[in-house]
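Beneath this line is the structure, given in structure tokens, with notes to follow.
Atoms considered below: every heavy atom in the structure, side chains included; atoms not considered: hydrogens, waters and symmetry mates.
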Amino acid sequence: MSLSPRRVPRFAATALSICLLLSGCVSNPMLAPATNGPSRTPHSTWYEDVENMAEADDNAGRRAYLRERLETAGMTVVAQPFVSGKLQGENLIADVGGAENGPMLLIGAHSDRVAVGRGATDNASGSAAVLALVARLRSAPLAHHRVKVAFWDLEERGLLGARAYTEQDSEKPALYINFDVFGWGDSLWMMSRDLEHPLVASSRDAAKAQRLLISAGEHYPPSDHLAFLKAGWPAVSYSLVDAWEIPNILTVFQGEKPAEMPKVMAVIHTPNDTLVNVDDAAVAKGIDAVEAAIRAWDARTQ
């Protein structure tokens with residue numbers, strides 16, 4: 001998830017200045033203690049994926065892990081290098097399966113992290129959620145869409161990987177679904193500029209079935225979906241956080257001090273972004289909800 005004002009000029013604070021503004025990021029009582037992480041289902045695949053990405057030495061190591069996971073699942077991974085100014089990056093793209101001649105659904109997340117912390121929440125959590133959906137959509141393909149998966153590089157430097165994809169000779173998806181900061185909470189936060197989109201309705205129903213709250217709308221932190229929207233391509237994004245955090249996160253991104261400091265702002269882009277703050281029991285419900293929403297949306301496609 002991007003916090004840099006270079007990406008969204010109206011945002012007044014960088015990650016560091018946000019922490020100074022809020023004062024006390026590291027000591028936030030909402031953070032899980034380092035010696036006693038949240039309860040979780042032992043050995044869940046999602047948690048193991050987050051753990052392995054968090055343990056990687058650098059962003060290249062995170063990409064190597066993702067490539068291995070996809071190839072082990074039987075997919076051919078295409079690396080798409082790109083250059084942005086003096087920066088070089090590499091996106092990973094793979095075909096998941098589905099309706100052979102159907103419109104393309106692209107599901108993705110950024111794999112890179114900042115130098116501070118281990119990037120467990122931002123964004124190994126989102127990448128691992130995508131891997132979980134890949135496994136399910138290969139096991140039971142969609143009836144009306146073929147699915148591709150993408151892992152973007154250099155999101156933290158300005159959404160550069162996703163932007164490069166839209167600027168290269170890439171296939172335009174019928175819809176791009178983004179995942180960023182999908183690590184804990186009771187609320188599915190969905191960015192959609194069109195509240196009448198069928199996926200919004202199916203997401204509301206699916207969240208209710210999982211006893212999750214849902215917040216859907218245009219106001220949402222910057223992430224890779226923005227590169228698609230700026231290119232005129234349809235896109236939505238999902239996060240999983242606690243409901244009380246959402247209005248406070250938006251207040252922070254307006255450059256103001258919130259009534260209550262959201263946990264996410266005390267985790268991402270700080271030394272707190274480690275495994276101790278993710279909760280795979282909560283995430284399991286979130287992934288179930290998104291999968292059900294996608295399948296219901298796909299079923300409505302004629």
Which residue in the set R63, E68, R67 passes side-chain contact (heavy atoms from CB on, under 4.5 Å) when paired with V77?
R67

Under 3.5 Å, is there a donor-acceptor pair between the side chain of E245 and the main chain of V264?
yes

Would you call D279 and K285 a salt bridge, using N to O less than 4.0 angstrom?
no

Measure up the F228 and W152 rings against each other and bin them: parallel (under 30°), tilted (30 to 60°), perpendicular (over 60°).
tilted

Side chain proximity check, S111 to M53, heavy atoms < 4.5 angstrom
yes

Please determine whether salt bridge (Lys or Arg N to Asp or Glu O under 4.0 Å) holds for the pair D153 and R62, giving the CA-CA distance in whole Å, both sets of side-chain angles, and the decisive distance to 0.1 Å.
CA-CA 10 Å; D153 197 9; R62 290 160 78 95; over 6 Å; no

Does D122 use its side chain to pair, donor to acceptor, with the backbone of D273 at less than 3.5 Å?
no

Quick one: does L142's side chain get under 4.5 Å of T301's, heavy atoms only?
no

Heavy-atom donor-acceptor pair, N123 side chain to F179 backbone, under 3.5 Å
yes

Just wondering, do I246 and V241 contact through their side chains at under 4.5 Å, heavy atoms?
yes

Assigning hydrophobic clusters by single linkage (Ile, Leu, Val, Met, Phe, Trp, Tyr; side-chain heavy-atom cutoff under 4.5 Å), is V130 placed with L106?
no

Going by side chain to side chain donor-acceptor pair (under 3.5 Å), name the pairs with one or both residues in residues 193-218, residues two or more places apart or in two chains.
S203-Y238

From the list S237, S125, S127, side-chain contact (heavy atoms from CB on, under 4.5 Å) partner of F182 resolves to S125

Please examine the side chains of R300 and L199, heavy atoms only from C-beta on, and report whether any two atoms are closer than 4.5 Å.
no

Find out whether V50 and D280 are in side-chain contact, i.e. whether some heavy atom of one side chain is under 4.5 Å from a heavy atom of the other.
no

Is the backbone N or O of T121 less than 3.5 Å from a side-chain atom of R113, with the two atoms forming a donor-acceptor pair by type?
no

Go through the side-chain N and O atoms of D224 and H110 and say whether any donor and acceptor fall under 3.5 Å apart.
no

Should W233 and I93 be counted in the same cluster of Ile, Leu, Val, Met, Phe, Trp and Tyr side chains packed under 4.5 Å apart?
yes

Is any side-chain heavy atom of L275 closer than 4.5 Å to one of Y47?
yes

What side chain to side chain donor-acceptor pair (under 3.5 Å) pairs are there with at least one residue in residues 159-169, not counting sequence neighbours?
S84-R163

Are there over 12 heavy-atom neighbours, none belonging to Q88, within less than 6.0 Å of that residue's CD?
no

Please name the residue in the list N248, V252, T251 that meets the side-chain contact (heavy atoms from CB on, under 4.5 Å) test with M265.
V252

Note: D242-K263 ion pair, threshold 4.0 Å (strictly below):
no

Using side chain to side chain contact (heavy atoms under 4.5 Å, CB included), reason through R136 and I287 one step at a time and then give a plain yes or no.
CA-CA 10 Å; R136 298 177 186 203; I287 293 172; 3.7 Å; yes

Partner set under ring pair (Phe, Tyr, Trp, His ring centres under 6.0 Å) for W189, not counting sequence neighbours
Y220

How long is the straight-line distance from CG of L66 back to CZ of R69, given to the nearest 0.5 Å?
8.5 Å

